[in-house]
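To find a chain, count down the sequence lines: A is the first, B the second, and so on, and within it residues start at 1. Predicted model only: the values in this text are computed from it and were never measured.
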2 protein chains.
Amino acid sequence: MATVSSTTSGTASGTPTRGRRNRRGEILEAAARLFAARGFHGVSIEDIGGAVGVSGPALYRHFDGKDALLSEMLLDISSRLRESAVAAVTTSPDPRATLDALLDAQITFAIEQPALITVHDRELGNVPEPARRQIRRLQRLYVEEWVTVLAELHPACPAARLRAATHAVFGLLNSTPHSAGELPAQDMRPLLHTMAHAAITAAVKTR
Amino acid sequence: MATVSSTTSGTASGTPTRGRRNRRGEILEAAARLFAARGFHGVSIEDIGGAVGVSGPALYRHFDGKDALLSEMLLDISSRLRESAVAAVTTSPDPRATLDALLDAQITFAIEQPALITVHDRELGNVPEPARRQIRRLQRLYVEEWVTVLAELHPACPAARLRAATHAVFGLLNSTPHSAGELPAQDMRPLLHTMAHAAITAAVKTR
DNA sequence: CGATGACGTTAATGATGACTAACATCCGTG
DNA sequence: CACGGATGTTAGTCATCATTAACGTCATCG
């Protein structure tokens with residue numbers, strides 16, 4: 001066991017995989033789509049295998065099991081989100097710009113990876129324990145990046161309120177998967193940015 | 001079969017149930033909590049029975065099966081949401097007031113019935129077909145109430161944009177279950193109202 | 001060339017789970 | 001008081017599913 005958890009110690013998702021054809025990636029992608037649609041327990045190993053053209057137990061050549069698959073998926077996403085936040089913070093000249101960068105990054109994820117985003121905030125409860133804690137930690141750090149930036153912009157606003165507002169904004173942005181198709185991504189992107197920004201601005205005006 | 005769909009033809013959720021003790025209601029409530037936490041397929045009939053103090057197959061005295069239970073649950077919620085919207089529209093003097101009433105109603109649901117709200121926008125995919133269509137219909141009607149009101153307030157804004165904005169606002173408001181505990185409901189309520197209102201206002205300004 | 005390892009395949013195996021059957025209990029009503 | 005219906009209970013039944021076993025294939029590399 002622990003064969004697969006190399007993701008943790010290794011180059012994370014740095015190297016896609018040496019081999020020509022990347023089954024691992026295909027599987028993760030297909031599984032994400034299926035989990036998003038029917039929920040973790042609503043999808044069988046057979047379903048996942050079938051979706052990538054192999055059948056059933058072939059999965060075990062790539063992952064330790066269904067749980068490990070989910071764990072890696074959520075770990076990957078929460079890492080990437082977290083990293084994107086760090087990047088936004090370190091490359092922006094001032095808090096205003098940082099907030100814009102955070103918004104853009106989250107919007108990009110929500111629009112380009114709807115399945116991953118969906119699974120990310122639905123299936124944490126099905127992740128077994130060592131990974132669960134790790135994921136929670138990354139999520140918490142991600143939120144704190146936002147809260148820190150908002151606190152710089154609005155020092156008068158209590159942190160609890162900033163945290164609540166942040167979660168609400170995530171809800172707004174992550175709703176994209178539900179409303180898919182209403183509007184082309186090209187229009188959706190600025191719309192979400194505008195709405196989220198306005199919501200935050202309204203939230204921080206401590207009454 | 002079709003025993004349970006009396007909800008549709010009957011007094012909806014008017015009369016709780018004649019019998020003294022209301023098992024049906026207890027079951028629906030417990031199931032909602034469990035489904036919200038672990039997903040439909042992650043919860044067994046035994047789990048649900050156990051949660052209300054009876055064990056397993058006793059459920060079949062009240063529902064036709066697990067699917068029927070879910071169907072009734074989602075049908076009930078989407079009806080109630082829809083009704084609340086109709087009430088908001090018919091009792092408010094002008095569109096501005098209607099929008100406030102719609103916001104308040106949705107916020108009340110989100111805060112008071114987090115489990116139901118969660119299940120409502122996660123498990124539609126697991127509802128079998130006759131009910132599925134019906135639920136979709138009610139959801140669509142609910143959205144249209146919002147869109148209609150917004151269109152009255154902002155005739156210049158294209159309907160597609162209004163629809164997308166509406167979904168985004170639902171995402172914002174329904175995020176409450178995730179951020180539970182961050183802020184007392186007493187503060188959460190006006191915060192959500194403020195944020196949602198600001199987001200809408202920003203959205204309708206067609207650039 | 002021959003071994004090795006990556007990647008698949010098709011049968012078990014063992015749980016778990018939805019649903020049914022057969023059998024109480026209890027309560028109100030004729 | 002006897003009966004019927006509502007409500008439970010426990011012990012199957014039959015599928016489905018995750019996981020493992022045992023067994024190919026094929027390319028690479030020594």
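Atom CD1 in Ile27(A) sits about 11 Å away from atom C1' in dG8(C), given to the nearest Å. Taking atom CG of residue Asp64(A) and atom P of nucleotide dA18(D), one finds them 16 Å apart after rounding to whole Å. Computed from coordinates, the Leu59(B) CG to dT10(D) C1' distance equals 15 Å when rounded to whole Å. Atom pair Asn126(A):CG and dA18(D):P shows a separation of 12 Å (rounding to whole Å applied). In this structure, Ile48(A) places its CD1 atom 8 Å from P of dA18(D), rounding to the nearest Å. Regarding Leu34(B), its CG atom lies at a distance of 13 Å from the P atom of dG17(C), rounded to whole Å. Rounding to whole angstrom units, CG of residue Asp67(B) and C1' of dA18(C) are separated by 10 Å. Summarising the geometry, the separation between CZ on Arg38(B) and C1' on dT16(C) is reported as 13 Å, rounded to the nearest angstrom.
Residue Ser55(A) places its side chain closer to dT9(C) than to any other of dC19(C), dT19(D), dT9(C). Listed candidates were dA18(C), dT9(D), dT19(D). Nearest to the side chain of Tyr60(B) is dA18(C). Across dT20(D), dA18(D), dA21(C), the shortest atom-to-atom separation from the side chain of Pro57(B) is found for dA21(C). Relative to the side chain of Ala58(B), the nucleotides dG8(D), dT9(C), dC17(D) differ in distance, and dG8(D) lies closest.
Only one option out of Arg33(B), Arg38(B), Lys66(B) pairs with Asp47(B) in a salt bridge (charged side-chain N to carboxylate O under 4.0 Å, His left out); it is Arg38(B).
The existence of a salt bridge linking Arg163(A) and Glu144(A) is confirmed by a sub-4.0 Å separation between a basic side-chain nitrogen and an acidic carboxylate oxygen.
Relative ring orientation between Tyr142(A) and Phe170(A) is described as parallel, the plane-to-plane angle staying below 30° on a 0-90° scale split at 30° and 60°.
Nearer the 5' end of DNA chain C, as judged by each residue's closest nucleotide, is the contact made by Arg61(A), out of Ile45(B) and Arg61(A). Residue whose closest nucleotide on DNA chain D sits further toward the 5' end, between Val43(A) and Gly56(B): Gly56(B).
Residue contacts shown for Gly65(B) are limited to sugar-phosphate atoms, with no base heavy atom under 4.0 Å away.
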Open item on the list: Is there a salt bridge (charged side-chain N to carboxylate O under 4.0 Å, His left out) between Glu83(B) and Arg80(B)? Walk through the geometry before answering.
Closed with: CA-CA 5 Å; Glu83(B) 280 164 28; Arg80(B) 278 160 60 193; over 6 Å; no
Open item on the list: As a quick check of understanding, evaluate side chain to side chain donor-acceptor pair (under 3.5 Å) for Arg189(B) and Thr108(B), giving each step before the final call.
Closed with: CA-CA 8 Å; Arg189(B) 194 177 262 286; Thr108(B) 297; 3.2 Å; yes
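Put simply, His62(B) has a side-chain N or O that comes within less than 4.0 Å of OP1 or OP2 on dG8(D).
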